[in-house]
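Shown next, in structure tokens, is the structure this report addresses.
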Number of protein chains: 2
Amino acid sequence: MENRITLKELAKLLNVSISTVSKALNDSPEISPQTQKRVKELAALNHYVPNMLAQNLKTRHTKTIGVIIPAILPHFFAEALHGIETKASELGYRIIICISNESLKKEAESVQTLIKGQVDGLIMSLSQETQAKMEIDHLQPLFSHKVPLVLFDRVLKQIQCDKIHINDSLQAEQATMALLNSGCKKIAYFSGISDTSVDDERKKGYLDAVKILGASRKVVNFDPKNFPDKKLLDLIENKKVDGILASDELGAILVMKSALNAGFRIPEDLSVIGFTNGQMSEHFRPSLSTVDQHAEEQGKLALETMVDRIEGKLPAEPIEYKLETSIIHRNSTRQKLYDLAD
Amino acid sequence: MENRITLKELAKLLNVSISTVSKALNDSPEISPQTQKRVKELAALNHYVPNMLAQNLKTRHTKTIGVIIPAILPHFFAEALHGIETKASELGYRIIICISNESLKKEAESVQTLIKGQVDGLIMSLSQETQAKMEIDHLQPLFSHKVPLVLFDRVLKQIQCDKIHINDSLQAEQATMALLNSGCKKIAYFSGISDTSVDDERKKGYLDAVKILGASRKVVNFDPKNFPDKKLLDLIENKKVDGILASDELGAILVMKSALNAGFRIPEDLSVIGFTNGQMSEHFRPSLSTVDQHAEEQGKLALETMVDRIEGKLPAEPIEYKLETSIIHRNSTRQKLYDLAD
DNA sequence: CTGAAAGCGCTTACAG
DNA sequence: CTGAAAGCGCTTACAG
């Protein structure tokens with residue numbers, strides 16, 4: 001950061017003006033081929049690197065996009081981030097990342113620091129606390145300063161902006177029906193991520209399905225840090241629960257692990273479907289049937305939408321994508337899940 | 001990004017000079033309490049946000065640190081990133097992330113874009129290709145422009161800079177010995193990440209251990225995308241291999257899964273130890289014994305070192321941390337692993 | 001305690 | 001084809 005050569009020094013060395021150097025380096029047609037060549041050679045020789053800060057200050061944009069996610073450890077967010085980064089580098093943008101750790105305070109701080117002009121737009125998935133408290137005042141600066149916002153996965157109706165997510169309730173409804181169709185008689189919904197919008201939607205879908213089918217309902221919230229949950233074994237043993245829809249990957253794995261350790265068979269005694277497809281789902285024995293949340297695709301789409309918005313290619317009114325998803329049937333559910341479309 | 005109010009406008013509104021506004025906002029003791037109050041009130045009223053670009057251009061630092069990692073999906077890197085981000089936000093720094101996807105080209109491009117003055121320093125873990133080709137020319141700009149570099153986990157001897165990693169060879173040696181001590185007679189080393197420095201070190205440690213103990217050796221490189229590997233089952237069935245040290249988490253899980261699916265028992269027929277501790281290791285049945293790679297700690301330490309270097313708190317010569325690690329004994333190895341220190 | 005001025009490193013109308 | 005000048009939004013010696 002210290003001994004960088006600047007346009008001014010280059011100009012002095014070449015005995016031309018700063019403007020000429022700048023234009024030559026930027027391939028301006030105004031400059032003669034010879035001087036362009038001279039300038040570029042000397043620049044290369046001196047390892048000239050343009051100072052983006054100065055460029056950005058002039059051009060009013062930074063070509064970098066801020067990303068605030070609640071966590072990075074859950075596979076879903078790692079994969080979404082991967083999608084965001086891939087697409088960003090494809091389109092010539094950089095990303096700057098903050099992790100809210102599911103905390104509203106941290107999220108608000110991140111918005112504050114990112115807004116200070118370093119970022120052309122902000123992509124977010126809201127923290128659990130933000131969603132639970134329905135608190136959105138900390139996003140106000142984004143609107144008053146007109147920095148574009150794209151929300152993905154954990155979105156909020158109250159916020160006016162572009163949104164990317166999956167149809168969580170429909171998906172949960174279908175997963176519940178699939179469980180029923182595969183022969184389950186009593187299905188419970190297990191959530192380790194209560195108070196998030198996605199959990200609400202999934203729960204709603206589950207409740208709709210059991211209602212339609214006249215089955216009995218059972219919703220359990222649990223703390224992933226305190227597993228195995230006694231409620232689980234009690235449900236299987238005494239309440240005849242033989243199917244579980246879990247709101248996230250870790251939750252589903254914990255359910256399976258506890259049931260297996262207690263001597264139940266999967267899928268014979270208990271069938272399980274989880275949300276979010278990740279490595280654990282794929283490699284666990286038995287492998288877990290999941291709702292594919294299209295993490296990478298959500299990420300890519302979020303970034304693409306952001307760039308389109310920044311570059312003014314989108315209509316004024318916010319757009320909302322609800323991605324089509326599907327259930328990946330593996331070994332935690334019984335064969336012969338009838339396709340509901342049949 | 002459009003309608004932000006600036007110092008100049010604030011100054012005009014208040015009928016004072018720009019300098020006064022700037023100083024008032026920065027709590028300079030030069031300014032009288034009354035005007036400070038006036039200035040701050042008006043600034044708040046107008047949602048004034050300082051333009052970091054301009055600030056940074058003056059102050060010559062950005063308080064942001066670039067991070068280039070080979071991938072984000074492996075648990076190790078996600079966790080390391082989490083450590084980096086946590087510590088950064090603690091110390092008032094931001095991070096800007098690039099993912100090289102194990103590609104030298106992408107890594108070089110990322111260095112190029114990050115170096116353009118947006119970043120006070122660079123934290124990297126090298127891509128597989130970079131390490132395989134021992135190509136380090138693309139890092140040259142960092143040195144010629146004096147931007148500090150901290151390498152973690154996947155480091156290279158040839159590069160002069162601060163380094164954070166674990167003692168991979170020692171750890172592999174101890175893991176191999178632990179396997180032997182638990183009763184294994186023939187141990188193989190399985191790697192799905194060949195050509196990386198960490199793999200070289202781990203292989204070396206493994207070879208040292210079998211040499212010391214006079215056991216026979218077997219090194220297998222495999223492609224995680226093409227598993228189950230026939231070699232694995234052949235080794236167990238025909239070559240009497242009864243212990244495996246795997247170079248990474250996914251590799252270890254794939255080994256266990258394939259062996260279990262083929263009807264072998266773990267740990268009775270085959271004991272397994274993997275490198276890198278993650279969710280899969282913890283939740284797989286049986287749970288996997290692993291070498292704890294201290295991902296989060298490596299990340300935190302890398303960032304701390306970076307900040308100390310930037311702020312001139314470190315001696316000129318590069319420092320190198322080799323973190324102490326330990327083996328987490330779970331159920332993929334037999335009981336009674338004698339502690340080598342006994 | 002307040003302000004005028006220079007400057008960080010660029011870009012870009014405008015003149016010549 | 002080249003250059004002088006203004007300006008992006010700040011900070012900070014220096015004067016008063």
Side-chain angles (χ1 to χ4, degrees), chain A residues 1-40 42-43 46-64 113 115-120 145 147, chain B residues 1-40 42-43 46-64 113 115-120 145 147:
Chain A
M1 293 291 293
E2 285 137 43
N3 51 348
R4 323 210 131 162
I5 194 163
T6 65
L7 283 193
K8 200 203 249 179
E9 301 171 86
L10 241 25
K12 184 176 286 173
L13 254 26
L14 288 161
N15 255 314
V16 296
S17 74
I18 298 180
S19 342
T20 302
V21 178
S22 172
K23 287 174 190 162
L25 256 16
N26 290 310
D27 295 316
S28 159
E30 289 183 30
I31 303 297
S32 74
Q34 309 89 279
T35 65
Q36 187 177 115
K37 185 152 170 281
R38 274 183 69 216
V39 171
K40 287 200 169 177
L42 192 75
N46 288 281
H47 303 108
Y48 171 73
V49 178
N51 183 327
M52 277 217 138
L53 257 29
Q55 284 182 322
N56 295 340
L57 187 57
K58 267 312 262 188
T59 59
R60 323 305 305 264
H61 59 249
T62 61
K63 284 242 174 191
T64 108
T113 96
I115 211 177
K116 300 187 181 177
Q118 324 166 72
V119 129
D120 292 344
H145 292 137
V147 355
Chain B
M1 290 292 291
E2 285 136 42
N3 51 347
R4 323 208 133 166
I5 194 163
T6 65
L7 283 193
K8 201 202 247 178
E9 302 170 86
L10 241 25
K12 183 175 287 173
L13 253 28
L14 288 160
N15 254 314
V16 294
S17 73
I18 298 180
S19 343
T20 303
V21 178
S22 172
K23 286 173 191 161
L25 255 17
N26 290 309
D27 294 315
S28 159
E30 289 182 31
I31 304 297
S32 75
Q34 309 90 276
T35 65
Q36 189 178 114
K37 186 152 170 281
R38 274 182 68 215
V39 171
K40 287 200 170 178
L42 192 74
N46 288 281
H47 303 108
Y48 171 73
V49 178
N51 182 327
M52 276 217 138
L53 257 30
Q55 284 182 322
N56 294 340
L57 187 58
K58 267 310 262 188
T59 59
R60 323 305 304 269
H61 58 250
T62 60
K63 283 245 174 185
T64 110
T113 96
I115 211 179
K116 299 187 181 177
Q118 324 168 73
V119 128
D120 292 343
H145 292 137
V147 356

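Naming convention: chains lettered A, B, ... in sequence-line order (proteins, then strands); numbering from 1 in each chain. Every heavy atom of this structure was used, including side-chain atoms; hydrogens, water molecules and symmetry mates were not.
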Evaluate the side-chain proximity of [Y] to [X]: yes if any heavy-atom separation is below 4.5 Å, no if none is.
X        : Y         : answer
Arg38(A) : Thr20(A)  : no
Tyr48(A) : Leu42(A)  : no
Asn56(B) : Lys116(A) : no
Ile5(B)  : His47(B)  : no
Thr6(B)  : Ile18(B)  : no
Val39(A) : Leu10(A)  : no
Val21(A) : Leu25(A)  : yes

Roughly how many Å is it from [atom1] in [X] to [atom2] in [N], rounded to a whole number?
X        : N       : atom1 : atom2 : value
His61(A) : dT11(C) : NE2   : P     : 11 Å
Leu14(B) : dC1(C)  : CG    : P     : 18 Å
Lys63(A) : dT11(C) : NZ    : P     : 14 Å
Arg38(B) : dT2(C)  : CZ    : C1'   : 12 Å
Met52(A) : dC8(D)  : CE    : C1'   : 16 Å
Glu9(A)  : dC8(C)  : CD    : P     : 10 Å
Lys12(A) : dC10(C) : NZ    : C1'   : 17 Å
Leu10(A) : dT11(C) : CG    : C1'   : 16 Å

May I ask you to verify if any side-chain N or O of [X] is less than 4.0 angstrom from the OP1 or OP2 atom of [N]?
X        : N       : value
Gln55(B) : dG9(D)  : no
Lys8(B)  : dG7(D)  : no
Arg60(B) : dG9(C)  : yes
Tyr48(A) : dC10(C) : yes
Thr35(A) : dC1(D)  : no
Arg4(A)  : dG9(C)  : no

Given dC10(C), dT2(C), dC1(C), which nucleotide is nearest the side-chain atoms of Thr20(B)?
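Closest of the options to the side chain of Thr20(B): dT2(C).
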Give the nucleotide from the list dC10(C), dA4(D), dC1(D) with an atom nearest to the side chain of Ser17(A).
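Selected nucleotide: dA4(D).
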Sort me out a list of protein N/O and nucleotides 12-16 of chain C N/O pairs below 3.5 Å, or just none if empty.
| residue | atom | partner | partner atom | Å |
| --- | --- | --- | --- | --- |
| dA13(C) | N6 | Lys23(A) | NZ | 3.4 |

Can you list the stems that include DNA chain D, where a stem is three or more consecutive Watson-Crick or G-U pairs with distances under 3.5 Å?
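Result, WC/G-U stems under 3.5 Å: C:1-3 with D:14-16, C:5-12 with D:5-12, C:14-16 with D:1-3.
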Could you tell me whether Asn56(A) contacts a base, only the sugar-phosphate backbone, or nothing, with contacts defined as non-hydrogen atoms closer than 4.0 Å?
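Nothing: the residue Asn56(A), judged by heavy atoms under 4.0 Å, touches no strand.
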